[in-house]
Amino acid sequence: MENKNSTETCSRIRRMIMDTIVAAGKGHIGGSLSAVEILVALYHGGIVHIDAKKPQYPLRDRFIMSKGHACEVLYAVLADYGFFSVAELLHLGRDGSMLGGHPDRHIPGVEADTGSLGNGLGIGAGLAFAAKLDRNTWRTFVLLGDGECYEGSVWEAMMFAAHHSLYNLVVIIDRNQLCVLDRTEDCNRLDPLDDKLRAFGWDVVTVNGHNIAELSQALSSARSRSSGKPFAVIANTVKGKGISFMENDVRWHHGVPKGELLEKAYCELDYRGVL
Amino acid sequence: MKYMRDSFLESVYQQMSYNGKIFVLSADVGAPALDKIRKDYPSRFINTGIAEQNTINVATGLAMEGYQVYVYGIAAFFLRAADQIRNSLLLYHQYSPLNINILSTGKGISYETAGPTHHCLEDLPVFSAFPGFEIYVPSDATMARAMAAQLIQNGVRYFCCDGKKVALIYNDDFCFDLSDGYITRNSGEKSCIVTMGGMLSFAEEILKVMRSKGIEIGLIDLFTPTEFDKDKLLSILNNYSKVITLEEGYREEGVLSVQIQKLITGTCIKLHKFGFDRKYIFEPGPREMHYKNAGITINNIVNVL
């Protein structure tokens, strides 16, 4: 449900992302801000069944952040959820920090090493296949970027998952419409993405990726579906969401605002920053 | 003469009868021994189709859940999945050991008439650069079976098999000790050949020719060109004044020539390298013709010895 708590959580995560990239002096801010509500719905919304105190509990759900470059949002959510200290965020990329520029298995709560785009869904398909084979009930969730969907390996995995009826596999696509240089529809058209996924044998719903209620409703149904198909949620989002001058602007795929822009970003996020 | 891949897969098949955690994937490549696995263990076999990238990713996911995974495919096309081998598989393996065994067929130019798309002289140099990736090159079907039977602990391994039936060098009752990474086939006086894979039978011919001349040469089967005991092998090679590397790889960039060059640097040993010119081979023809074109002939090698 959309409520005050989830709104506050998303605001807090956005501030943590901002603090992280300001402290690091770099970061993939656009794609992190677009995925805030998706990750908050998954973790804080209770979709992903996982206990931060037992990150290796065998029957936990698995979440793979395939768009690993947007690690700042993952780190913020994992820290906020209790996997590690929030203070650790301010050390990203520094000597001795456990947080690097892409997620890896050294970090509590991270299931797979991602950063080379296009691999998370295939790994997730392997996990889901193993769970099905072992008659385990845990689910595998994978977050893809829409630009990532240009990788052929994504579609190899899509075919595989549908053919093997991996009903326990859920993919969320952060459909923010932008890749690094261009709008996706000006680069290589992805649309109609939902029809493509259906043609590949997936159940598909499209939601507003910044509406926690819509996300939660769609993702909750992942456990109750009876079609036997893998499940895709296309989350329509805005790259750079929450900071007006970054929204829908390809220049903010990667970068840190400075000077007046930083002040404006702080103002729009309604805080002063920790640094 | 026997296919290495079949002996390897026969061992896997036998192990599947008592190890329920073995899972086999094929990137749409067949073998008689694989047919038995498909027939008797259909729930633990997937033909992933001609999709090497996804095959490696799926294998990674299965291994993360505790499966001992075998991936079967063509050597040249595992290069297509180099990214997945490195980033999905080996990065994870360094932190949390996995058990994944990639069985490739079509080593070197063993698909002799298939043209350069199917030749593979680059997989071993590329994969030997990947930390944590153990490379094994069986020299006959007996050794391939021994490798499958013995190397069952956690590890990420690449077994590079010839695409053709290869003469049996080792008897069925040969007791393989794989721990040193090499087997001394013969000890000699001044010169020693270091080789691997199907080239071993070619080297054995040279051994016979030299013996007919009253000269004993050393012969080392370096079946794992990256993981071998370097101190032990160097102590053996130090007994010779001349070492010859013989491989179905590029003459200078081949994994054997690079590894042995590195090993003997600083010694007085003279090194001669036999391998292929660094170019793609378009001319169709039998393997022997390609060897001859590259200067890999018994006469040329005997002249160096």
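The sequence lines fix the lettering, A, B, ..., with proteins before strands; numbering per chain opens at 1.
- Most heavy-atom pairs under 4.5 Å with chain B: of the set A/A125, A/G124, A/A157, this distinction falls to A/A157.
- Within a 6.0 Å sphere centred on NZ of B/K165, heavy atoms belonging to other residues, nucleotides or ligands number 12 at most.
- In this structure, the separation between CD on A/E111 and OG on B/S96 is 10.0 Å, given to the nearest 0.5 Å.
- Nearest approach of A/G122 to B/N54, heavy atoms of both residues: CA-OD1, 3.5 Å.
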* Asked: Under the side-chain contact (heavy atoms from CB on, under 4.5 Å) criterion, do A/N119 and B/I56 qualify, and how do the steps go?
  -> CA-CA 9 Å; A/N119 292 332; B/I56 296 297; over 6 Å; no

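- Taking the side chain as every heavy atom from C-beta outward, A/F160 and B/V58 approach each other to under 4.5 Å.
- Under the 4.0 Å criterion applied to side-chain N and carboxylate O atoms, A/D113 and B/R86 are not assigned as salt-bridge partners.
- In this structure, NE2 in A/H163 is found 10.5 Å from OG1 in B/T48, a value given to the nearest 0.5 Å.
- With chain B as the partner, the residue from A/D134, A/T140, A/N136 showing the most heavy-atom pairs under 4.5 Å is A/D134.
- More than 12 heavy-atom neighbours from other residues, nucleotides or ligands sit within 6.0 angstrom of CZ on A/R225.
- Most heavy-atom pairs under 4.5 Å with chain B: of the set A/A112, A/A130, A/P58, this distinction falls to A/A130.
- Among the candidates B/N87, B/L25, B/I46, the residue making the largest number of heavy-atom pairs closer than 4.5 Å to chain A is B/I46.
- Within a 6.0 Å sphere centred on NZ of B/K230, heavy atoms belonging to other residues, nucleotides or ligands number more than 12.
- Ring orientation note: the planes of A/F129 and B/F23 are nearly perpendicular, at an angle over 60° on the 30°/60° scale.
- Proximity to chain A involves both the backbone and the side chain of B/Y92, based on heavy atoms less than 4.5 angstrom apart.
- B/Q94 CD to A/D104 CG: the interatomic distance, rounded to the nearest 0.5 Å, is 10.0 Å.
- Side chains of B/L91 and A/R105 form no contact here, defined as non-hydrogen atoms less than 4.5 Å apart.
- Contact check for B/N57 versus A/E156: no side-chain heavy atoms found under the 4.5 Å cut-off.
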